[in-house]
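Take a look at the structure set out below.
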Amino acid sequence: MVERRIAVVEPKEPEFRRFKVSAPGKLMLFGEHAVVYGRPCLITAVDQRMEVSVQPKPNDLIEIGAPGVGITGFKMELDRLNESVETPAGARFLIASLRNFSKKFGLSSGLKIETKSEFSSEFGFGSSSAVTVGILKALAEFSEIKLDDRQLFDLSYQTVRDVQGVGSGFDLAAAIFGGTIYFVTGGKEINSLDIGELPLVVGYSGIKADTSILVRQVADFRQQNFAEAEAVFDQMTFLTQEARRFLEKRDWEKAGQLMDTNQNLLELLGVSTRKLSVLIESARKAGAYGAKLSGAGGGDCMITLVSEEKRGEVEKAIGDAGGKVLKVKTNARGVKIE
Ligand code: PMV
């Protein structure tokens, strides 16, 4: 007699499609801090990207894996999104994005969310804004909701404001639109510059800056020295507009000189550090066109415009002065579906 065997197949979770999106990091070229007070700034997207993937799940759980910021296996119920539950710091932007998206468009299933970054969150390249833009774009894609870049900016900006209360939104514009951008507070103007790659060298100071603290520090300075702070911001406005002109003409030498002026103004605001100043000075001495800190100050990176002949010497000088040269390309592409 032939024995009939019945194969027992374990029920498998259905595999749903994964929606993968990537968004670039950014660097501030001119006008930081002034842009918090209604002034313009110039920014560029860098070719190091943050990848965010979203996979629907047949349950009502949000699962988050973001190893770059120490989050593995975080889970919460979908219907608790609107409660003010304790969330780990590394997941705050993701959860605020999910909350805002679900309020506006609804979310009907559980989700597995994973992030993977090509750059360290220590550099000040804007990992939080790239994550916010990435998750919102991925959610729109999987929910089949058409969000144009402006709507994506507005929803991302609202999310970042919900989490940190302050910020001009410049980093979101870089993550969404990419390229090199003239930007005014809150996205009042977002104009892409028609230029290619910038001859930039980026030096990391080794210290992670806390942007919110520095923004508050400048707010205090402005409160106590209103006329002086406003004068600094007005000079930054003029300088940023001039820098835009020179960048568009690819006059790196003139744009570099304006970096030096911008750095002096940032020093007046008290946001540079000794380490940043040492790296900036070393780049200038090695023949750079000009150099400044990039972003809030207090640490993170400095940037410098160089001629191709001087690039090697400037990079070496920054390294010798204790900085870490980060090899990035500028003017990178904005958010995209992978
Ligand atoms: O520290 P970063 O790279 O996020 O740059 C902050 C720039 C500020 O102008 C100080 C703040 C802002 O939101 O524009």
Side-chain angles (χ1 to χ4, degrees), residues 21 23-28 31-41 43 45 50 52 62 64 66 69 81-107 113 115 121 124-140 145 147-177 181-190 208-223 233 271 295-298 300 334-335:
V21 163
K26 54 79 190 153
L27 283 167
M28 175 69 89
E32 47 273 268
H33 289 289
V35 67
V36 177
Y37 298 93
R39 277 44 171 220
C41 69
I43 57 190
M50 169 71 71
V52 181
I62 303 285
I64 298 179
V69 285
L81 266 183
N82 288 322
E83 294 170 22
S84 51
V85 280
E86 272 281 305
T87 46
R92 280 185 309 158
F93 287 88
L94 284 171
I95 290 171
S97 303
L98 287 161
R99 184 179 301 132
N100 283 340
F101 187 89
S102 117
K103 268 195 210 148
K104 210 168 161 72
F105 304 110
L107 269 179
I113 296 159
T115 69
S121 61
F125 279 2
S127 49
S128 312
S129 43
V131 151
T132 304
V133 165
I135 178 81
L136 289 170
K137 179 87 178 171
L139 290 173
I145 284 164
L147 272 188
D148 65 24
D149 285 348
R150 181 70 222 192
Q151 290 166 316
L152 179 59
F153 176 84
D154 290 340
L155 193 54
S156 307
Y157 190 43
Q158 184 195 328
T159 304
V160 167
R161 303 278 299 195
D162 288 351
V163 177
Q164 63 188 27
V166 291
S168 65
F170 82 97
D171 35 11
L172 300 165
I176 294 170
F177 297 90
I181 301 173
Y182 178 87
F183 175 90
V184 180
T185 328
K188 283 190 205 80
E189 281 184 58
I190 304 177
K208 182 170 167 51
D210 185 328
T211 302
S212 306
I213 290 180
L214 284 139
V215 168
R216 294 208 168 92
Q217 188 184 309
V218 172
D220 288 347
F221 175 82
R222 181 170 173 266
Q223 208 178 19
F233 297 151
V271 296
D300 289 348
V335 68

Please check if the side chain of [X] supplies one atom and the backbone of [Y] the other of a donor-acceptor pair under 3.5 Å.
| X | Y | answer |
| --- | --- | --- |
| Asp300 | Lys208 | no |
| His33 | Val215 | no |
| Ser168 | Val36 | no |
| Tyr157 | Ala173 | no |
| Arg92 | Thr87 | no |
| Lys26 | Gly124 | yes |

Min side-chain heavy-atom separation [X]-[Y] under 4.5 Å:
| X | Y | answer |
| --- | --- | --- |
| Met50 | Phe125 | no |
| Cys41 | Glu32 | no |
| Thr211 | Gln164 | no |
| Asp149 | Ile190 | no |

For a quick test of reading the model, state the closest non-hydrogen atom pair linking [X] to [Y] and the distance between them.
| X | Y | result |
| --- | --- | --- |
| Ala96 | Val163 | CB-CG2, 3.4 Å |
| Leu147 | Ala140 | CD1-CB, 3.9 Å |
| Ala174 | Pro24 | O-CG, 3.7 Å |
| Ala175 | Ala130 | CB-CA, 4.3 Å |
| Ser121 | Ser127 | CB-OG, 3.5 Å |
| Ala209 | Gly298 | CB-C, 4.1 Å |

Using the side chain to side chain contact (heavy atoms under 4.5 Å, CB included) rule, take Ile113 and Leu98 through it: C-alpha gap first, then chi angles, then the decisive distance, then the call.
CA-CA 10 Å; Ile113 296 159; Leu98 287 161; 3.7 Å; yes
How long is the span from the [atom1] atom in [X] to the [atom2] atom in [Y], to the nearest 0.5 Å?
| X | Y | atom1 | atom2 | answer |
| --- | --- | --- | --- | --- |
| Leu81 | Leu107 | CG | CG | 7.0 Å |
| Ser156 | Phe93 | OG | CZ | 11.5 Å |
| Leu136 | Ile145 | CG | CD1 | 11.0 Å |
| Ile43 | Ile181 | CD1 | CD1 | 4.5 Å |
| Leu172 | Arg161 | CG | CZ | 11.0 Å |
| Glu189 | Phe183 | CD | CZ | 10.5 Å |

Please collect all side-chain hydrogen bond (donor to acceptor under 3.5 Å, both in side chains) contacts where either partner lies in residues 97-106, sequence neighbours excluded, each pair once.
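As it turns out, the side-chain hydrogen bond (donor to acceptor under 3.5 Å, both in side chains) pairs with a partner in residues 97-106, which skip direct neighbours, are Asn100-Thr159, Asn100-Asp162.
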So Ile64 and Ile95, side chain to side chain contact (heavy atoms under 4.5 Å, CB included) or not? Walk me through it.
CA-CA 9 Å; Ile64 298 179; Ile95 290 171; 4.0 Å; yes
Hey, are Arg150 and Asp154 close enough for a salt bridge, meaning a charged N less than 4.0 Å from a carboxylate O?
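Asp154 and Arg150: salt-bridged.
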Taking only residues two or more places apart in sequence, or in another chain, which ones meet Arg39 in a side chain to side chain donor-acceptor pair (under 3.5 Å)?
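For Arg39 the side chain to side chain donor-acceptor pair (under 3.5 Å) partners, ignoring immediate neighbours, are Glu230, Asp234.
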Residue list, side chain to side chain donor-acceptor pair (under 3.5 Å) with Tyr37, at least two apart or on another chain:
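If we apply the side chain to side chain donor-acceptor pair (under 3.5 Å) test to Tyr37, skipping adjacent residues, there are no hits.
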Please work out which of the three classes, parallel, tilted or perpendicular, describes the rings of Phe101 and Phe105, given edges at 30° and 60°.
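It falls in the tilted class, 30° to 60°.
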